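Computed from a prediction, not measured in an experiment: that's the story for all the values here. Proteins get letters first, then strands, A, B, ... in listed order; numbering begins at 1 in each.
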Amino acid sequence: MRLVLDIFTVLAVSAGAFFFLAGTVGLIRFPDALTRLHALTKVDNLGLGLVVLGLLPQANGLFGALKLVTIWLLVQLSGAIVTQLIAGTVRQHGPRE
Amino acid sequence: MNAATLFGLCGAALVGLGLYGLVTNPEPLRKILAFNLLGSGVFLVFGVVAKRAAASGLGGDPVPQAMVITAIVVAFAATAMAIALVLRLLQETGRSTLSSDTSAATDTAGADS
Amino acid sequence: MPDANLLPDATTTDGVFLVLAIVLPAAGVLLSFVLGGRYAERIALVLLPSGFILATIILVDVWQSGHRLVYIVGDWKPPLGIALRADGLSAAMMVVMAIVFCAVAIFAYADFGTRAGSAEARAPFAFWILLMAIWGAMNLIFLGGDLFTLYVALELLTFAAVPLVCLDGRAETLQAALRYLIFALLGSILYLVGTALLYGSYATLDIVLLSRQIRAEPATLVAAALMTIGLFAKTALFPLHLWLPPAHAGAPAAASAVLSAVVVKGSFFLVVRLWFDVMPGMLGGAGAQLFGALGAAAIIFGSVVALQQQRLKLLIAYSTVAQIGYLFLIFPLALDAASGQLQGSGALTGGIIQAISHATAKAAMFMAAGLIYAALGHDRIAELGGIARALPMTIFAFALGGVSLIGLPPSGGFLAKWILLEATVATGQWWWALVILAGGLFTSCYMFIVLSRAVAPSGAPLKLKTAVPKYQEAAALALALTSLLLGLVALGPIDIIEVGRPDSIMVGSR
Amino acid sequence: MTILSIFDIGLVVLILAVGAASIGMREAFSAVIGFVVYGLLLSIAWVRLSAVDVALTEAAIGGGMTGMLMLGAVARLRFAKGNDSRTSLPVRLAAGILCALVAAGLAIAVLSPPEVIPTLAPMAMENLPQSGLGNPVAGVLFVYRALDTLLEKVVLILALLGVWSLAPDRMWGGIPGLRVYAQPNSKLTFLAQLLPPVGIVVAVYMCWVGAKEPGGAFQGGTVLAAMWLLVMIAGLTSVPSISQRWLRLLLVAGPMIFLAIGIAGMVLANAFLAYPAGYAKPLIVAVEVALTLSIGVALGLLAAGPPERVQRP
């Protein structure tokens, strides 16, 4: 049982790390602010989600698991809103180049 | 080389880097940033000292760790004061330099309120 | 009588006064901050004189008991806890600084007093709180027995001193304050990294415990070097003095007096603590000569630049750069060639007397310069003519301060330079004697320039811009007289400075 | 070589690279962004040094609050006439040599630890039960070295006074110049309504848990400050004027209570800043709660800057 959970953790966290990597590449390679934001949010949420999911079996009891999920939710929330704010600014003032 | 020594060397390098930025960069804001870098290098040296002195089931000596917490807060206060000074200087003169022409600054500095 | 310094650290009777010396200013700062308005001024005017009484009690106590006062904070002994200790050195400094604070408070009452019923104003509110904060920080520097506590004290001092520089909000003072802040922060962070290394080697930062364990190994030497550079930057020792003249000359008179007389002595005191108390055997001949050479360079450079100044306040500020130099001559002169140890007698006594007589004299001179500025609306030295007739008491105070700086008898400056000269003879280092004498000559030159202008009759009848309150003149004069009469302590309790020093043997009990 | 040591080496390289970039970048804005990233990387380093308390403080204050202050400054300085003349090459060379010397000296010191490494950890742990605390760092901060912690709060108040004293005379008693972006029903308003309740819970939790696990007044206070700033920037509450009595009371409440308990210790226990036996834990918790509030308000106001607007009647 322990081994299965550990393998699950390794797989999920690795997948999450892959998404982070992809998101970072997107951030660097994409041409303008809006597409960069797209890469960042889509992939970051998924990446962090997978990392959190992978860590859940290793969490310190139910309370620890709850804390992990809360972190993910908070990042989702702030990520979503900050992206909107940045996008709004870009639309108002045009891309800064 | 263990982890503590590695981070200790990192701290030493950061001190050198921060000091270089502090001395050579003419813009006050960049000097403040360099000071923060220098400060964090110093804190890292504290952290290494703490880590090496780990005992009694602790990951590190709590005394230097507590000192770092105190010092981080002091460094933040210093940053806030320095930035407020820079912004006020900007308001007053429209410039943000520590102008290297000291003669101009000292000539007028004799004036009193 | 057993050597009190070898006794285990424990709170001594009357140790509680040491706590008061730190709690009173802290409480004063916090209370004034809440109550605001006129309360800041009232609290300061009550607390600063009580600080003088407190310092006197501590001095008398140290003198009579013949050993240092100790207070163990929180009942946790070092190395885990923090000890406060007062020896003769700290007690003597505390008393003189308290005198300066009281005089500055009286002087500042004219500039920063709040009238009844008026709303809280920015400059007075800030000034009185910062003054109390500097007082508390200095007390902590004198009494702190732990190098990290002393770091906190240094930071307190920085945060209290920098806003004083730009209290009037003009662009050039803001710039001076920013430069001062950057130098001061660099100084404290270098000091801090030294404490980290020392803790790594000895797991204590307590001065007494460290002094027993200290050994010459790489980490300790690097720590000592970095801490010293940091403290030099804060003391404005040549060549790290660049921040001082604009900062000290640009501040309001009362603030200049505190900055020049008191604040730079704080970091100097820590240099003394570090080398004389923590590691007396580590400086070595070459290090001591280097310190002395920097001091000598400061004396010559500061004096020469002072001679070229056209503004009175800048001249006084450069004179501070020069006078700081004397303080560092004590290192080569106090080094005992045979044992390689810094001796806590003779030259150190001379250095401390130089520090306190400069504190009183320089505060008096900055106050006098402030009054001259207020009366004339400028401080151009060339146009001082007739001022001696208009403000005789002020010019007299300025001249007396100058007498002490030059080192004429019976001033404190004379006594200090005499002791230093004696030490040059005793140790056979004649070259420092040349520097001391040359410094005195330069000082008399720039004093002569200023005074000859001041007593010269003015072309047109002199019209004063404002009437100068008599009590402001009296405050400056009182400080100048203190500095002048300090030389007379040679007849009395001069060896109090050696009380509680590990290397001094107390002759009987008093 | 284990995975962890590879991780450490990678982390150190990354920290140094980002640090060097934020020193060397031409544009101030990029440098500040680099600095924020640097702060986050550094807090990972602190976790690797088994100093979770410090990691939390570094992430919250070193990266977060400092980064925010600097970003605000960069935004305002954007149109300032800068100093184009970079330092000349010989000066940079000399400075480089000097800094390399300092770094080398430190490296030598780091590489030559004493043979038996002295530590206070056993002594700190041995005496910890007397205070009823479980977190040794809190023990050092509030029991063994309480004097430093108390005075450092006074430093914070002084820094705030220093910032305020930079205001023009006529603005004294006015409102700090925090930029407010109040647009009704914007996304920012939504965030500022949703996040603070969560943030306050987190702050209370951090303060409370600090007695036995990593956390405490600093970390909790920083979260409070961030929440307060968010609400103010979104225009949901007005920025208070600096002459408000309640504001000043909140600012000094923490250090005042700390000082009062310290003085009471001279009578009720046997020394200044000693706690009476059996009452140590409740007293320390009381001090921590008050300090959390004071630190939160002080950090928030430090970030808000000197008063720049006169209060409207």
[X] versus chain B, the contacting section by heavy-atom distance below 4.5 Å:
{"X": "D:E308", "answer": "side chain"}
{"X": "D:R145", "answer": "side chain"}
{"X": "D:V32", "answer": "both"}
{"X": "D:V102", "answer": "side chain"}
{"X": "D:V74", "answer": "both"}
{"X": "D:P118", "answer": "backbone"}
{"X": "D:L16", "answer": "both"}
{"X": "D:M125", "answer": "side chain"}

How far does [atom1] of [X] sit from [atom2] of [Y], to the nearest 0.5 angstrom?
{"X": "D:D8", "Y": "B:F7", "atom1": "CG", "atom2": "CZ", "value": "4.0 Å"}
{"X": "B:S40", "Y": "D:L41", "atom1": "OG", "atom2": "CG", "value": "11.0 Å"}
{"X": "B:D61", "Y": "D:M123", "atom1": "CG", "atom2": "CE", "value": "10.5 Å"}

Is there a donor-acceptor pair closer than 3.5 Å between any side-chain N or O of [X] and the backbone N or O of [Y]?
{"X": "B:R30", "Y": "D:M25", "result": "yes"}
{"X": "B:Q65", "Y": "D:S50", "result": "yes"}
{"X": "D:R92", "Y": "B:T24", "result": "no"}

What are the residues of residues 298-305 of chain D, in order of number, with any heavy atom under 4.5 angstrom from a heavy atom of chain B?
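At a heavy-atom separation under 4.5 Å, chain B is reached by D:L299, D:L302.
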
Can you tell which of [options] has the highest number of heavy-atom pairs within less than 4.5 Å of chain B?
{"options": "D:P306, D:S22, D:A124", "result": "D:S22"}
{"options": "D:A138, D:P122, D:A167, D:A109", "result": "D:P122"}
{"options": "D:T66, D:L56, D:L106", "result": "D:T66"}
{"options": "D:L141, D:L11, D:L120, D:V163", "result": "D:L120"}
{"options": "D:G96, D:C99, D:G72, D:A103", "result": "D:C99"}

Any [X] side-chain heavy atom under 4.5 Å of [Y] side chain:
{"X": "B:L14", "Y": "D:Y38", "answer": "yes"}
{"X": "D:M70", "Y": "B:N36", "answer": "yes"}
{"X": "D:K153", "Y": "B:T70", "answer": "no"}
{"X": "D:M65", "Y": "B:T79", "answer": "no"}
{"X": "D:Y144", "Y": "B:V63", "answer": "no"}
{"X": "D:I117", "Y": "B:V49", "answer": "no"}
{"X": "B:F76", "Y": "D:L69", "answer": "yes"}

Residue [X] versus chain D: region with a heavy atom under 4.5 Å:
{"X": "B:I83", "answer": "side chain"}
{"X": "B:R88", "answer": "side chain"}
{"X": "B:L22", "answer": "neither"}
{"X": "B:A34", "answer": "both"}

Would you please test D:L42 and B:L44 for side chain to side chain contact (heavy atoms under 4.5 Å, CB included) and show each step?
CA-CA 9 Å; D:L42 208 62; B:L44 218 48; 4.2 Å; yes

Closest contact, heavy atoms only, [X] versus [Y]:
{"X": "D:L156", "Y": "B:A77", "value": "CD1-CB, 3.9 Å"}
{"X": "D:A73", "Y": "B:L29", "value": "CB-CD1, 3.8 Å"}
{"X": "B:F43", "Y": "D:W46", "value": "O-CH2, 2.9 Å"}
{"X": "B:A53", "Y": "D:T119", "value": "O-OG1, 2.8 Å"}
{"X": "D:R76", "Y": "B:L90", "value": "O-CD2, 3.6 Å"}
{"X": "B:L9", "Y": "D:A107", "value": "CD2-CB, 3.7 Å"}

Going through the checks in order, is the side chain to side chain contact (heavy atoms under 4.5 Å, CB included) test met by D:V54 and B:F46?
CA-CA 11 Å; D:V54 185; B:F46 255 111; over 6 Å; no

I'd like to know whether D:L77 forms a side chain to side chain contact (heavy atoms under 4.5 Å, CB included) with B:L87, so could you lay out the CA-CA distance, the side-chain angles of the two residues, the decisive distance to 0.1 Å, and finally the verdict.
CA-CA 8 Å; D:L77 286 169; B:L87 290 180; 4.3 Å; yes

